[in-house]
Amino acid sequence: EAAENEMENWYTYWGLGISRVTWPDEDLNAAVKLLAALPGVTRTQLSLDLLGFYKPINPNTMVGFIANGAADRLEISEEGDLQVNLTTYAASAQYFPEKIGQGIFGRADIGLALGNVQVDGESETTDPGFGLLVGVGYAHPIMDGTRLALNVNYAIRQIEGETWKTLGISIGGL
């Protein structure tokens, strides 16, 4: 028996997946790709959606708040590690042509973007910038009150005069 997809008073959304982070400078981006290809270097790129809280405004649209993040980590054996974290704290809207939590959907986030760089345990956070995310996905009810959502999101973060881009693919719970 298929799970029911009843309208909720509010929704929470959390997601985890992989991302492709494009560094702001072409030469730096190329250098990071080259470094990641070297023996003894491991590159991990993650995509996260955290603290997503949404309120339906009609049967097809919900609006709320979410923190979207991407991490790009290089672990260099014996030498140490480098990690860049990009986060956008955003107002967010999701639109489902069929019904909230069911079928194809679109998403748009706009908000405050921050970057954080960690090198061998030392950490530095940027000044706030501007973040924008657009995405598409497919949601399917899996049990009463829970839906599984597959997302493809593209984010642009303008931080301290530099533009960071991420393409994320994630699976989440709504």
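Because the structure is a prediction, the values reported are computed rather than measured. These values consider heavy atoms only, across backbone and side chains, with no hydrogens, waters or symmetry-generated copies.
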Tell me whether [X] contacts the main-chain N or O of [Y] through its side chain, where contact means a donor paired with an acceptor under 3.5 Å.
{"X": "Ser170", "Y": "Gly17", "value": "no"}
{"X": "Ser47", "Y": "Gly168", "value": "no"}
{"X": "Asp72", "Y": "Val84", "value": "no"}
{"X": "Lys55", "Y": "Met62", "value": "no"}

Intermediate values then yes/no, side-chain hydrogen bond (donor to acceptor under 3.5 Å, both in side chains), Ser19 and Gln45: CA-CA 5 Å; Ser19 71; Gln45 298 183 89; 4.8 Å; no

Are [X] and [Y] linked by a side-chain donor-acceptor pair shorter than 3.5 Å?
{"X": "Trp164", "Y": "Thr166", "answer": "no"}
{"X": "Thr163", "Y": "Arg157", "answer": "no"}
{"X": "Gln83", "Y": "Asp81", "answer": "no"}

Closer than 4.0 angstrom, basic N to acidic O: yes or no for Glu8 and Arg147? yes

Do Ile159 and Glu162 come close enough that some side-chain heavy atom pair is under 4.5 Å? no

Is the shortest side-chain heavy-atom distance between Arg20 and Lys165 below 4.5 Å? no

Run the numbers on Thr87 and Asn68 for side-chain hydrogen bond (donor to acceptor under 3.5 Å, both in side chains), then give the verdict. CA-CA 6 Å; Thr87 309; Asn68 171 266; over 6 Å; no

Contacts satisfying side chain to side chain donor-acceptor pair (under 3.5 Å) that involve residues 91-114 (not counting sequence neighbours) are Asn5-Gln102, Asp49-Arg107, Tyr54-Ser92, Tyr54-Gln94, Ser92-Asp109, Glu98-Gln102, Arg107-Asp109

Go through the steps to decide whether Thr12 and Trp14 satisfy the test side-chain hydrogen bond (donor to acceptor under 3.5 Å, both in side chains), and finish with yes or no. CA-CA 7 Å; Thr12 182; Trp14 302 77; 2.9 Å; yes

Kindly give the cluster partners of Ile110, where membership spreads through any ILVMFWY side chain lying under 4.5 Å from a current member. Phe130, Leu132

